[in-house]
Amino acid sequence: MKLLNLVFAILFTLTFSDLAAQQTITNVYGRNVQSLNGKWDAIIDLYDQGRKNEIYLNKKPEGKTDFYEYSFENGYRLNVPSDWNSQMPELKYYEGTVWYARRFDVVKESDKRLFLYFGAVSYRCKIYLNGKEIGKHEGGFTPFQIEVTNVVKEKDNFLAVEVNNTRTVDAIPAMAFDWWNYGGITRDVFLVNTPDVFIEDYFIQLDKHKADKIDATVKLSEKSVDMSVTIEIPELKLKQTLKTNSNGEVKASFIVKNLQRWSPASPKQYSVKVSTEKDKVEEEIGFRNVWVKGEDIFLNDKPIFLKSISFHEEIPQRKGRAFSQADAVMLLSEAKALGCNTIRLAHYPQNEYIVRMAEKMGFLLWEEIPIWQGIDFENEATKEKAGKMITEMVMRDKNRCALTFWGVANETQPSKSRNIFLKYLIEKCKSVDTTRLIIAAFDLVRFNRDRHVFVMDDPFIKELDVIAINKYMGWYHPWPISPDKATWDVAKGKPLIVSEFGAEALYGKTGDADVVSSWSEDYQATLYKDNLEMFKHIPNLRGTSPWILFDFRSPFRFHPTHQEGWNRKGLVSDQGYRKKAWYMMKEYYDSIK
Ligand code: GCB
């Protein structure tokens, strides 16, 4: 009997993995979509009984003796997109399974295909359509899709999603991380309608070094040879029709005249159209050159200093995840006001509204996957997951010229397995895109008392284009020397960014300007003054990114009066008020031309 169960289990896994989510369509926001956002029915499944009871069948009693101990109707209702934690007090701390369900109709056309697209589901999920399991996904911050052409009916489809946000050692992030573990269908859900052969993917960007050469690759959904694909940028008077090769792909480079390159000061975008006889897709794309030479980062042939800031994908006033265009505008406007030209999207790929709006508003972006301390680098399955996750991120955002850095890790300890793991992630990025800069953040800079300098030995830095250092001088580390004498000798020969520094301060709290535990804006201001002084002694410093724009919610923060579950390192409070240090950072950024 046991053996039989095992055989069933193996069969189930095999069948199921065939149904795993497929590569997503590039630029879903430019396609013909039907939104499935809105109110969904929900069942909280604390003990994970739903799957066993096949609640995704949503059965109703028929015979006199039938009964079911569940019903999606007349129960809880949850908004999609949104995390569940901010929607009901009962779910504030919830980690476990919630079932979401809704019904929908579609217009079926014989020459059209339909894909179910999720912007993100946190953290893992299984999808059931009309009682059948059709797909699954792991990873809370990247999109996935499942083709449903042959599974949908015209009327009354029943879609159920089993969402689980339990932390596990093999997950990414793993067991503990300094932000809220929001669960739910946190981003848009669409039904994407395409022709039978459609434009699945394209990658159109400026050559890494040349200011007048646009490289383009377009891939159709099928390996259809000799199909015409037209690439058009009307404003540049570019229109070319090419024939697909046996992979259903076209590859070409175009020399363009009078191209105005994108930059934070002038975020010019061009309307780019890709079409075939049956399909067309259009979006705004910017063009720019970014590279590293010696210790400098060049944007459009000129060295640039990154005036950066980080934020989580969170609206503090709502105590929930950011998910809309309005949310993106709120977060980015505050960064603009601070005088930033760069955003570090901490610590995971954030939603496409943020990424697209950042490009429109003129920010360089650093995007990373949540390889955040505590990752099980020995675990091959975790490595595979990370590889898939980073590929999903790069695939989604490769046409955004704002995207400058692919981040492979935050605060990792050197080890052989870590090196293999991170190298694998770099390979994954480069297998899609060789033009962006590869970055990782380290926190192991230490003070060498003999040489009186800050140093770091991590052999991995040779694999990276830009080295990022998180260093909380004056907060987690007392000053070993006065800030005006704190010289750095770290990653010489490469550009270095101080990617995190800061202190906690409760908005409005005054206190001793030299006492860390005053939790005051005054101490936070002292710390900023000291760090800005130290930055003058980092010869290869090419950017700074204070931690962080807004106070954010975190289960790491227990202090009952000063924190109450909030990390208070924000330059802006949870209610949107600017702290003293905000003005200091603003002055610093405005002084750098
Ligand atoms: C760090 C982490 C960041 C934390 C921050 C802190 O080094 O990278 O995620 O939130 O420190 O406030 O401790």
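Side chains are part of it too, since the values below use all heavy atoms of this structure and drop only hydrogens, waters and symmetry mates. Order of appearance sets the numbers: ligands from 1, and atoms from 1 within every ligand.
With 3.5 Å as the limit, one finds no donor-acceptor pair spanning the side chains of N410 and E368. Inspection of the R356 and N27 side chains reveals an N or O donor paired with an N or O acceptor under 3.5 Å. For Y348 and E313, the side-chain atoms include no donor-acceptor pair closer than 3.5 Å. For the residue pair S554 / D178, a side-chain donor-acceptor distance below 3.5 Å is found, with atom types taken as modelled.
Looking at D443 against ligand 1, nothing comes within 4.0 Å, counting heavy atoms. In W547, the part holding a heavy atom less than 4.0 Å from any atom of ligand 1 is the side chain. If you look at I548 next to ligand 1, there are no close heavy atoms at all, none under 4.0 Å. Within the 4.0 Å heavy-atom criterion, neither part of W475 lies near ligand 1.
Here the heavy atom of the protein found nearest to atom 4 (C) of ligand 1 is D178 OD2, 3.2 Å. In this structure, the protein non-hydrogen atom closest to atom 9 (O) of ligand 1 is H347 NE2, 2.6 Å. Residue, atom and distance of the protein heavy atom nearest to atom 12 (O) of ligand 1 are K569 NZ, 2.5 Å. Given atom 13 (O) of ligand 1, the protein heavy atom at minimum distance is Y476 OH, 2.5 Å. When only non-hydrogen protein atoms are considered, atom 5 (C) of ligand 1 lies nearest to Y472 OH, 3.3 Å. With respect to atom 7 (O) of ligand 1, the closest heavy atom belonging to the protein is E411 OE2, 2.3 Å. The nearest heavy-atom contact from the protein to atom 1 (C) of ligand 1 is E500 OE1, 2.8 Å.
Note on ligand 1: W372 sits in its first shell, one or more heavy atoms being nearer than 4.0 Å. Contact analysis leaves F556 out of contact with ligand 1, as no non-hydrogen atom separation drops below 4.0 angstrom.
Aromatic ring orientation, Y476 versus Y472: perpendicular (interplanar angle above 60°, classes split at 30° and 60°). Relative orientation of the F501 and F535 rings is perpendicular, given thresholds of 30° and 60° on the angle between their planes. Using bins of under 30°, 30° to 60° and over 60° for the plane-to-plane angle, the ring pair Y523/W475 lands in the tilted bin. Using cut-offs of 30° and 60° on the angle between ring planes, the pair F305 and Y588 is perpendicular. Ring planes of F144 and H137: parallel class, angle under 30° (limits at 30 and 60°).
The contact set between ligand 1 and N470, taken as ligand atoms under 4.0 Å from a residue heavy atom, comprises 8 (O). Shown in contact with F552 at under 4.0 Å from a heavy atom are these atoms of ligand 1, numbered in order with element: 10 (O). Within the listing of ligand 1, atoms 6 (C), 12 (O), 13 (O) sit less than 4.0 angstrom from a heavy atom of R557. Remark: ligand 1 atoms within the under-4.0 Å shell around heavy atoms of N567 are 6 (C), 10 (O), 12 (O).
Two residues are said to be in side-chain contact when any heavy atoms from C-beta on lie closer than 4.5 Å; L422 and E463 fail this criterion.
For W84 and Y94, the ring centers are positioned less than 6.0 Å apart.
The distance criterion of under 3.5 Å between nitrogen or oxygen atoms is not met by Q373 with respect to ligand 1.
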